[in-house]
Structures are given as C-alpha cells and as structure tokens.
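Protein chains get the first letters and strands the later ones, always in sequence-line order, with residue 1 at the start of each.
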Protein chains: 8
Amino acid sequence: MQDGQWQVYLSGEIHTDWRDQIADGAAARGLPIAFTSAVTVHEDSDDCGVKILGAESDNFWKDHKGAKVNAIRTRTLIEQADVVVVRFGDKYRQWNAAFDAGFAAALGKPLITLREDSLTHPMKEVDAAALAVATDPAQVVQILDYVVAGRLS
Amino acid sequence: MQDGQWQVYLSGEIHTDWRDQIADGAAARGLPIAFTSAVTVHEDSDDCGVKILGAESDNFWKDHKGAKVNAIRTRTLIEQADVVVVRFGDKYRQWNAAFDAGFAAALGKPLITLREDSLTHPMKEVDAAALAVATDPAQVVQILDYVVAGRLS
Amino acid sequence: MQDGQWQVYLSGEIHTDWRDQIADGAAARGLPIAFTSAVTVHEDSDDCGVKILGAESDNFWKDHKGAKVNAIRTRTLIEQADVVVVRFGDKYRQWNAAFDAGFAAALGKPLITLREDSLTHPMKEVDAAALAVATDPAQVVQILDYVVAGRLS
Amino acid sequence: MQDGQWQVYLSGEIHTDWRDQIADGAAARGLPIAFTSAVTVHEDSDDCGVKILGAESDNFWKDHKGAKVNAIRTRTLIEQADVVVVRFGDKYRQWNAAFDAGFAAALGKPLITLREDSLTHPMKEVDAAALAVATDPAQVVQILDYVVAGRLS
Amino acid sequence: MQDGQWQVYLSGEIHTDWRDQIADGAAARGLPIAFTSAVTVHEDSDDCGVKILGAESDNFWKDHKGAKVNAIRTRTLIEQADVVVVRFGDKYRQWNAAFDAGFAAALGKPLITLREDSLTHPMKEVDAAALAVATDPAQVVQILDYVVAGRLS
Amino acid sequence: MQDGQWQVYLSGEIHTDWRDQIADGAAARGLPIAFTSAVTVHEDSDDCGVKILGAESDNFWKDHKGAKVNAIRTRTLIEQADVVVVRFGDKYRQWNAAFDAGFAAALGKPLITLREDSLTHPMKEVDAAALAVATDPAQVVQILDYVVAGRLS
Amino acid sequence: MQDGQWQVYLSGEIHTDWRDQIADGAAARGLPIAFTSAVTVHEDSDDCGVKILGAESDNFWKDHKGAKVNAIRTRTLIEQADVVVVRFGDKYRQWNAAFDAGFAAALGKPLITLREDSLTHPMKEVDAAALAVATDPAQVVQILDYVVAGRLS
Amino acid sequence: MQDGQWQVYLSGEIHTDWRDQIADGAAARGLPIAFTSAVTVHEDSDDCGVKILGAESDNFWKDHKGAKVNAIRTRTLIEQADVVVVRFGDKYRQWNAAFDAGFAAALGKPLITLREDSLTHPMKEVDAAALAVATDPAQVVQILDYVVAGRLS
C-alpha cells in the first residue's frame with residue numbers, strides 16, 4: 001500500500017471474466033486499488049519460456065522454462081500485494097492457484113478465496129487459511145469496499 | 001512512512017471521539033500524518049461478515065465471519081503503521097484492543113497506550129510494551145508533534 | 001520442537017487449575033510436550049520488580065518494573081513455543097492474555113483459545129486468529145493428542 | 001536439523017503407501033531422518049474438528065473446524081522441516097498438497113515433487129519451485145541418501 | 001529509498017554542526033537525499049517525557065520517559081534509513097550513538113562512522129561493523145555523492 | 001516496486017554495453033523500469049576508498065576500503081530491486097558477480113543470468129538459482145516486457 | 001533455549017569479576033543456564049587479529065582485524081542468546097558494550113543492563129531498551145532465578 | 001549451534017585437502033565443531049541429477065538437474081551453519097564458491113575467506129563481506145580455536 005492505494009493480486013482461473021467483474025466493481029465505487037495478476041493470455045503463459053529463451057524438444061523443459069519466467073512476475077506481485085484473492089473453478093487441476101494460496105498464506109497475506117459452494121470439501125485446507133470465502137465476484141468487491149473504504153453496502 | 005508522511009494506527013474504544021481529537025490536533029499543527037483504524041461503525045463491524053458473505057444461524061460463526069473480514073483491514077493497516085496508539089476505556093472487555101497491542105508489539109511497532117490512570121494495574125503488561133503511556137488524547141498529539149516534527153510544545 | 005518434543009505455552013487466567021488439567025491429561029497420554037507459562041504465583045508476579053530491583057513509591061512504576069521482569073520470561077517462552085493456548089475467564093480484564101494472543105498471532109504461532117461459551121462476542125477478534133476455540137481443558141488435551149501424536153480419541 | 005538429524009515432511013496423497021516406501025528405504029540405508037506428515041487416517045482428518053470441538057450442522061463449518069485443527073499440526077511440522085516432499089496422484093483435487101508446496105516454497109524450504117509423468121503440464125508451476133521432480137518414491141530415497149549422507153547409488 | 005530518493009540517518013554528537021555540513025554539502029551537489037536524525041535540541045530531548053506525560057520525582061523515571069518518547073522517533077527513522085552515519089566526539093559517553101550503531105548493524109543497514117583518528121582503539125568494534133570510517137564530514141558527503149550519484153570527486 | 005514502477009539491478013561485467021542495450025530496449029518499449037547498478041567506471045570503483053578516505057600503502061587495504069564503499073551502494077540497490085540480472089563474460093574472475101547472485105538469491109529476489117552458452121558448466125550452480133538463463137541482452141528485454149507489461153513479443 | 005536450558009550472554013566490562021558472580025550465583029541455585037561472552041583476556045582480544053592473520057603496521061588495521069575476529073564469536077553468541085546482560089562501569093568508553101546492547105535490542109533479545117546508579121543519565125537510551133536495570137550482579141542472579149525457574153527469593 | 005557445538009560449513013575448491021586439514025586441526029584441539037560441506041566427489045556432484053532422476057540429452061539440463069539436487073544439501077547446510085568458510089584457488093571459475101559467499105553474507109553468517117595472496121584484487125568484494133581473510137588452513141583452525149574455545153595460540 002502506498003499513499004492509501006491498495007494492491008490486490010487476483011490469482012487463479014482464467015476462463016471467465018471474474019477479474020474484470022472485480023476490477024469494474026471496484027472502479028465503479030472509486031476504490032483506490034491497483035489489481036495485478038499473472039499474464040492471463042493462456043497461450044502466452046504457456047509459450048513465454050521457449051519463445052523468448054529458445055525451443056525445447058522435451059515438454060517438461062518447455063513447461064519448466066515458461067513456469068519460471070511467469071514466476072518472476074507472479075512472485076513479485078504476490079509479495080507486493082496487500083490482499084490476495086484466489087479463484088477456483090470446477091475444471092482443471094488448478095494447482096498453481098492452490099500453490100499461490102499457500103505461498104500467500106506463508107507470507108502472512110490476507111487471503112480471500114472465491115469458488116462454488118460445491119467445492120467446500122476439497123477447498124477446506126485452503127479456506128482454513130483464508131480470511132473470507134466468497135462465491136461471487138460481487139462479494140469480493142463488497143469486501144474490498146469494506147476493508148479499503150470502510151463502507152458496508 | 002513515505003516521503004516524510006507517517007502512518008499512525010488508532011486502535012481500541014469506539015464510543016468517544018478520541019480519534020477525532022487526535023486527528024484534529026495533528027491537522028491543526030500541520031503534521032504529515034495519515035491516521036488509520038478499524039471500521040468504527042459498531043453495527044457494520046459486527047454485521048459485515050454475514051451481510052456480505054451470507055447469514056449464519058449460529059452466533060459464533062456470525063461473529064467469526066465478521067471478525068475475519070475486519071482482520072483483512074486491521075492487520076494490513078497495523079503492518080503499514082509507523083506508530084500504533086491503543087486506547088482502553090473502563091467499559092467492555094476490549095480484548096481486541098489488547099490483541100492489537102500484542103500484535104503490534106511483536107512486529108516491533110512503537111506503541112502508545114491511552115487510558116485512565118485508574119487502569120494502571122490491569123494495563124501493566126501492555127504498558128510495559130509501550131514507549132509512552134498517555135491519559136489524554138492531547139498528549140498523544142504532543143508526542144506525535146515531537147516525534148514527527150521535532151517540536152516540543 | 002526438538003527431537004519430536006513439542007513446547008506449549010499456557011497463557012491467561014491463574015485462578016483455576018486448568019494448567020494442571022492440561023498437563024496431567026497430556027502426561028496420562030504420554031505426550032512428549034513441555035508446558036511453559038508465566039510465573040503463576042500472583043503475588044510474586046506483582047512484586048518481582050520491586051522485590052529484586054528496589055522499591056517504588058509510585059504504583060505505576062512498581063507495576064512497570066514487575067511487568068518487564070515478567071516479560072523476560074513470557075516473551076522468551078512464547079517465542080520458543082510451538083503452540084500457544086490462551087485461557088480467558090469471566091472475571092478480571094485479562095488484557096495480558098489478549099496481549100499474549102496478539103503477540104503469538106503476529107509471530108505465526110498456532111493459537112488455541114479456551115473460554116466459556118458466554119464469551120463468544122467479546123472474544124471474536126481473538127478467536128478469529130485462533131486455529132481452535134475450546135471451552136474445556138479436556139478438549140485442549142484431545143487437540144494436543146491429535147496434533148502431536150496423531151490420535152483422535 | 002538437530003545434531004545431524006534431518007526432518008523431512010511428506011505431504012499429499014494418502015491412498016498409496018509411498019510414505020512407507022520412502023521411510024523404509026531411508027531406514028534400510030540407515031539415514032538419520034525423522035519423517036513427519038499430516039494425520040493420514042482420512043476419517044480422522046475429516047472428523048477431528050467436530051469430534052473434539054463439537055458438532056456442526058453446516059458442512060462448511062465442520063470442514064473448517066477440522067482443517068484448522070489439522071493446520072496446527074501441518075504448519076508446525078512444515079516449518080520444522082529441512083526438506084518437504086509433495087506427492088500428487090491423478091485422482092482428487094489435492095489442493096491441500098499444492099497449498100503445502102506453496103507454503104513451503106515461500107518459507108524457502110527445499111521442495112521435492114513426486115508425481116506421474118502424465119502430470120507434467122498441470123504441475124508446471126509447482127515443479128518450477130521444486131529442486132527435484134521425481135516420479136518414483138525410490139528416487140526420493142536416493143535423493144535423500146545423496147543430500148543427507150553424500151552417497152550416490 | 002523511494003523513487004530514487006535516499007534516506008540517511010545522522011546519529012550521535014549534537015554539539016557541533018556536522019549534520020549541517022553534511023546536509024549542506026549534499027544539497028550543494030544536488031543529491032536526492034532526505035536526512036533524518038533524533039531531535040537535536042538537547043533540552044527538549046531530555047525533557048520531552050515529563051513535559052508531555054507528567055513530572056517525575058525520580059530522575060531515573062524522568063530519563064526513562066524521555067528516552068522512550070525519543071525512541072519512537074529514532075527507531076522509526078533508523079528502520080526507514082538506507083544509510084546510517086554515526087558521529088562520535090571525544091567528550092561525553094555517547095552510549096546512545098554506539099547503541100544506534102549496534103541497532104543499525106543488526107538490521108543490516110550500511111553504517112558509516114565519523115570520528116577523530118584518536119578514537120581508533122575504543123571505536124574498533126563499531127568500526128568493524130561499518131562500511132566506511134570517516135574523520136571529516138566532507139568525506140561523508142563524498143561517499144554519499146559516490147554511492148547515490150555514482151560520482152567520484 | 002512503487003506505483004507500478006519496477007526496479008531492476010544489473011550486476012556484473014562492465015566492459016561491453018549490455019546495460020545500455022537493456023535500458024534502451026526497455027525505454028523503447030516504454031517499460032516503467034528504473035535500472036540500477038554498481039558504479040561502472042572501473043577506475044573509480046577501484047579508487048573510491050583511498051581517494052575519499054585516505055591512501056593505503058598495502059593493496060589489500062586499498063581494495064578493502066574501496067570494496068566496502070562500493071558495497072554501500074550495491075547492497076542497498078540489490079535489496080531495493082524487484083529483479084536482479086547478473087551478466088557473466090568469459091574473461092576475468094567475476095567473483096563479485098557470482099557473489100551478487102548468491103546475495104540476491106538468499107534475499108529471494110528473482111534472478112536472471114545472462115552469459116554465453118559456453119559457460120553452461122561453470123554457471124550451473126548460479127543458473128540453478130535463476131528463474132531465467134539468457135544469452136542475449138535482447139532476451140532480457142523481452143522477459144522484462146513480459147513480466148512487467150504482460151506482453152509476449 | 002534447548003530442552004529447558006537457557007543461554008545468557010554477558011557483555012561489557014572485563015576488569016571486575018561480575019561474570020563470575022553471576023555464573024556462581026546461578027550455579028549455586030542450580031539454574032540450567034549456559035553463560036557465554038566475548039573472550040575476556042584483554043590482550044588476546046586486542047591481538048587475535050594480527051597474531052593469527054599477520055602483523056599490521058597501521059594500528060587502525062591491527063584493531064580492525066582483531067575486532068572482526070572477535071565479532072565472529074560475539075555476534076554468533078548474541079544471536080544464540082535467550083537473554084543479554086550488558087555491564088557498564090564508570091571507566092573507559094565501552095562503546096562495544098553499548099553496540100552490543102543496540103545489536104541485541106534490534107534482534108528483540110530481552111536486555112538487562114547492569115551499572116552504577118551514577119550512570120543513570122548517560123545510560124538512559126540503553127536503559128529504555130532494557131527489560132531490567134540492575135546495579136548489582138546479585139540482582140541479575142535473582143532475575144534469572146525468577147525468569148528461568150520461577151522462584152522469587 | 002546446539003549445546004555448545006558449532007557447525008562450520010566449508011565451501012569451495014575440492015582438489016586439495018584443505019577441508020581435512022581444518023577438520024584434523026580442529027579435532028586435534030578438541031573443538032566441538034561439526035564440519036559440513038557439499039558432496040566433494042566431483043563426479044557424483046556432476047552426475048547426481050541424471051543418475052537419480054533420469055538422463056538428459058542436453059548438457060544444460062543435465063547440469064541443471066544436478067545443481068538443484070546439490071542445492072538441497074548445500075542451502076540447508078549453509079542455513080544451519082554458524083560460520084561459513086569459503087576457499088578459492090587459482091584454477092577454475094569457482095562461481096559456486098562466490099555464490100555461496102554471497103548467499104551466506106545475505107543470511108548474516110560470519111564469513112571467513114581462504115585464498116592465496118595473489119587473489120587479493122579479484123577477491124576484494126568477497127573479502128569485504130568477510131570477518132577474516134586467511135591464506136592458510138592452519139589460520140582457519142586458529143580462528144575457530146579462538147572463537148569457539150576462546151584460546152589464542
């Protein structure tokens with residue numbers, strides 16, 4: 001936080017527009033929040049390593065190179081964040097999202113999880129480390145409005 | 001502290017206007033201080049969890065949800081603070097205020113307590129961790145004037 | 001924790017035998033736990049400062065000296081602890097207990113609170129930082145049995 | 001590590017005997033390693049919260065209570081560990097395993113992942129934080145033999 | 001350091017104009033440095049505690065109150081500093097200066113000592129923790145010019 | 001990072017214009033990055049200690065004084081950096097570059113190495129701590145473009 | 001602290017037998033305390049650098065070498081200590097003692113000062129960081145008996 | 001350090017018997033020191049990655065895998081060490097040794113360098129971070145005897 005501006009990191013699922021919903025909601029309320037996240041263009045996220053640093057014949061190393069380049073961005077932004085929101089969907093394994101949640105928790109960052117009610121049981125360890133468990137992006141906006149601006153709406 | 005601006009967190013009792021007295025006093029002296037605190041609207045502070053995240057039939061969980069949403073704000077602001085002032089009155093249990101004091105002390109934040117003389121004995125452990133023990137908001141303003149601007153008045 | 005031995009700090013109320021109940025229960029189960037706490041002889045805790053370091057005419061300084069000598073012990077033992085249990089009763093202000101809870105929370109220590117159901121509302125901020133909220137010393141023993149020995153009984 | 005004894009935390013999947021394979025392999029080589037892990041009795045892990053601290057009508061809070069009691073054990077042991085091994089299978093969501101990996105990574109713990117080759121793509125962010133990516137418990141034993149005893153076999 | 005502006009804390013002797021010499025020299029070179037220090041009005045520094053928080057009959061407690069109020073300022077500013085300069089003269093005991101040097105060293109702050117050649121032997125432990133040992137304020141200006149602006153003059 | 005501006009420290013070889021290539025490339029793309037580095041005027045870097053603080057007859061102490069004055073700058077800037085790039089050439093011993101890499105790694109800074117392919121074997125321990133291994137300054141620019149601006153080009 | 005054994009570092013004046021008085025007093029009470037300190041043979045402490053690492057023609061460097069070799073011991077032992085006692089006499093400058101006090105304070109070590117009443121004013125900043133201010137080694141023994149064994153005598 | 005036993009990490013050159021000289025010298029003096037180091041069998045150190053985790057066609061990845069497996073051991077042992085000794089010879093690039101020195105320095109570990117006089121200039125940045133610069137293993141033994149046992153011989 002600098003000069004009253006909060007930094008909120010949005011981690012997880014990249015196939016729906018939840019990030020936009022939260023950012024738009026926060027903007028509509030005039031909240032002084034800068035949102036950050038991983039690169040959310042799926043193809044770029046997968047290819048950045050080999051495209052910049054050279055091709056790999058083995059998929060493991062292709063993924064490895066890319067994941068590390070992405071980590072330069074994600075770890076820096078998580079460490080800078082005042083609050084970390086992690087979104088889980090019902091598709092894909094999303095171990096990167098859970099990894100981010102654990103990383104943020106160990107750094108003592110306030111954590112908000114965002115997921116369907118149906119995920120209660122598999123989410124239990126992650127939720128136990130969270131300060132709020134939301135099911136709708138609008139709730140995240142309300143929480144941010146409350147914690148940043150002190151408004152309960 | 002950013003560019004010479006200090007951040008002072010005001011914790012504790014919300015039934016008198018001590019926060020305003022300190023903020024007004026600091027403003028009157030032109031001190032470059034941003035004051036922060038928990039949400040001080042009692043009802044909002046109690047209800048924020050269930051109002052945003054859904055009702056609870058059990059009061060324990062209602063309180064739990066709310067306290068955690070509040071913690072997103074309070075822990076962030078205490079960690080950002082250069083100085084933490086904790087105010088104790090003679091009513092209510094105020095364990096949240098003492099909790100904040102312990103939290104701030106463990107983070108190495110300079111701590112100022114503000115309370116009646118009659119509370120000396122029950123305050124002794126908290127006072128022992130404080131760098132100043134004041135009984136009047138005006139004293140807190142004087143301390144801030146001295147430590148921030150170097151003026152002794 | 002050293003060589004599989006856990007250290008558990010017991011903070012708070014000193015007028016009932018809850019510490020003994022927990023220690024006896026743990027011993028009966030053969031748990032490798034060393035329990036620590038503040039000096040629980042009320043008079044010694046109040047007088048240690050002036051008795052060792054010289055009398056004070058002003059009660060504030062008498063309390064101050066004593067509280068600091070006690071802090072040499074309590075802060076060291078809280079920092080050494082693997083788990084911190086904080087007990088609140090319905091008498092006295094117990095700000096030292098809440099202070100210890102905040103201190104432990106900021107250090108990232110797993111926190112267990114132990115208090116009557118009737119204290120739910122004033123305890124909400126402290127409970128929100130705890131990993132377990134117990135109402136009976138026997139529950140604390142069961143928790144320790146589970147987390148240390150992996151036994152659920 | 002104490003007096004040359006290493007502590008290795010084994011996180012993740014609880015349906016196969018990979019923990020035993022690693023512990024037995026290490027014992028056969030005489031390695032001075034104490035292995036730790038979460039409680040691996042699935043039912044106990046799910047029920048510990050409500051069984052000790054009282055029933056809940058809402059499954060979310062049942063899970064929440066249990067996950068927190070488990071966290072007293074798991075966070076303490078991860079923080080104590082010299083090395084953290086995280087095992088992923090091809091069933092279940094295993095967000096707790098990925099959470100543990102992120103938690104360990106943020107603490108700077110050397111991380112070893114253990115999973116099928118088929119999981120390369122979804123594992124890429126977790127693997128990028130690991131110092132070794134193994135597919136067989138026997139490899140983990142070999143790594144431990146090498147890093148603890150300096151033997152390459 | 002913020003936006004390329006360095007913060008330099010000037011600790012120690014308050015009877016000569018060495019702080020002004022350094023600040024003037026830095027200003028003359030246009031260096032982006034904010035200098036901070038304790039309150040250097042000797043009388044205010046001695047009296048701040050009792051003047052703000054109430055008289056004391058015992059000189060120990062008068063000094064104690066004042067020293068703690070000063071510590072709110074000095075510890076905050078030392079923790080904020082990028083570089084700490086500590087000046088020792090040949091008069092007075094100056095344990096506060098040596099204390100500041102130890103405090104800064106433990107925080108990993110780059111330390112510059114400034115003192116007469118005749119003090120070499122008693123300064124040896126403090127100098128051993130310093131990255132530069134100067135005997136003239138002009139040298140401190142030159143060092144700051146070099147480390148901040150990269151100019152060797 | 002402040003207000004979205006990243007700070008990138010460029011360590012190592014000072015005989016080619018790789019720093020300019022990276023800074024120019026980042027400027028051309030409009031990246032909000034402030035680049036920092038040691039003083040790169042070789043003679044000044046060698047002489048700063050004795051020129052400012054007095055001559056030494058023994059080369060060891062001449063070097064020692066200079067290296068420490070340089071360390072005031074380099075350690076401060078490495079600690080401030082969001083990303084550290086370390087460049088190794090095929091001449092000279094460059095232990096200072098490898099030292100910086102180790103220092104940055106221990107602080108948890110994302111590390112990018114930049115060196116010829118021919119250096120793979122001697123670089124292996126340093127590369128193992130890096131999140132990207134580049135052989136061309138243009139690749140470093142592409143990485144920064146990706147991690148700072150989210151553009152893959 | 002290991003297995004209930006405390007480590008207490010004794011810093012400062014080496015011309016009287018205060019260390020023996022404290023160690024003997026603690027032994028007489030059967031306290032589980034290991035006392036540590038700098039090398040207290042004055043000549044060895046001064047000469048260790050040049051005697052081991054080679055002569056120096058310049059006294060500054062002779063002192064510098066020696067002070068650094070001593071620092072290997074003193075910083076390690078201060079960091080290991082549970083409690084730090086710093087003794088000031090009325091002779092010599094003793095900046096190393098005040099430096100140790102500042103170093104210990106910044107690490108959060110409980111600090112006990114031991115000095116004559118006549119030193120109250122010059123000691124005020126150091127005393128302000130201490131949890132006990134003693135004037136007699138016997139008081140230090142009593143404090144240790146209280147904080148380690150819980151006995152007030 | 002545990003129970004008075006120190007842990008000393010020996011990093012660097014593996015082609016002469018300097019480690020044995022130091023260990024034998026320390027044993028001859030009865031010093032309570034446990035020495036640790038990387039695996040010093042050159043071939044094993046190079047091959048451990050591929051031998052345990054599977055072959056690689058690209059030498060970069062072969063080296064990468066091996067360097068990371070070695071890092072599990074070396075980082076753990078450096079973090080455990082009370083003192084780190086780094087040996088530089090006049091052959092090979094030894095960037096791993098300089099990396100270890102930087103890593104240890106950032107962790108605040110007391111550092112001793114051991115190298116030929118002829119290496120003074122290229123060693124200057126590493127030496128500037130060291131508390132002792134030795135040219136003979138016997139000197140390292142003498143330093144350890146002094147700092148651990150307090151004997152100057």
Side-chain angles (χ1 to χ4, degrees), chain C residues 1-11 14 19-20 23 32-56 61-82 96 99 103-104 106-109, chain G residues 1-9 22 25-26 29 31-34 78-86 101 104-105 107-117 120 123 126-153:
Chain C
M1 191 167 51
Q2 299 188 320
D3 297 324
Q5 169 143 336
W6 292 56
Q7 212 168 313
V8 175
Y9 187 82
L10 304 174
S11 170
I14 59 172
R19 281 183 181 79
D20 293 337
I33 299 176
F35 292 98
T36 57
S37 71
V39 169
T40 55
V41 181
H42 196 166
E43 193 181 12
D44 288 358
S45 175
D46 275 2
D47 295 344
C48 61
V50 291
K51 196 154 171 196
I52 297 174
L53 296 169
E56 293 293 334
W61 296 118
K62 178 194 166 188
D63 279 343
H64 198 70
K65 266 175 151 175
K68 281 186 163 172
V69 168
N70 281 300
I72 299 174
R73 177 179 174 99
T74 56
R75 290 190 205 163
T76 302
L77 295 176
I78 290 176
E79 284 172 18
Q80 292 287 339
D82 297 302
N96 58 330
F99 181 88
F103 198 90
L107 297 177
K109 302 288 175 187
Chain G
M1 190 168 50
Q2 298 187 318
D3 297 324
Q5 169 144 334
W6 292 57
Q7 212 168 313
V8 175
Y9 187 81
I22 292 173
R29 292 166 192 244
L31 295 176
I33 299 177
I78 290 175
E79 284 171 18
Q80 291 288 338
D82 297 302
V83 176
V84 172
V85 181
V86 188
L107 297 177
K109 302 288 176 186
L111 187 68
I112 300 172
T113 56
L114 173 61
R115 79 295 187 290
E116 301 303 306
D117 269 337
T120 287
M123 281 292 291
V126 183
D127 285 348
L131 287 177
V133 177
T135 54
D136 189 319
Q139 290 173 318
V140 176
V141 174
Q142 284 177 289
I143 291 170
L144 294 174
D145 201 16
Y146 181 75
V147 301
V148 173
R151 277 187 304 242
L152 182 58
S153 56

So, the part of G:Ala130 with a heavy atom under 4.5 Å from chain C: the answer is backbone
Within residues 66-73 of chain C, the residues sitting under 4.5 Å from chain G by heavy atom, in sequence order, are C:Lys68, C:Val69, C:Asn70, C:Ala71, C:Ile72, C:Arg73
Heavy-atom closest pair (C:Arg75 atom, G:Leu131 atom, distance to 0.1 Å) is NH1-CD2, 4.3 Å
Residues of residues 36-45 of chain C with a heavy atom under 4.5 Å from any heavy atom of chain G, in residue-number order, are C:Val39, C:Asp44, C:Ser45
In terms of heavy-atom contacts, G:Ile143 and C:Leu53 come closest through CD1-CD2, 4.0 Å
One should read off an interatomic distance between G:Asp82 CG and C:Leu77 CG, to the nearest 0.5 angstrom, of 9.0 Å
Counting heavy-atom pairs under 4.5 angstrom with chain G, the leader among C:Cys48, C:Ala34, C:Gly49 is C:Cys48
When the 4.5 angstrom heavy-atom criterion is applied to G:Leu111 and chain C, the contacting part is neither
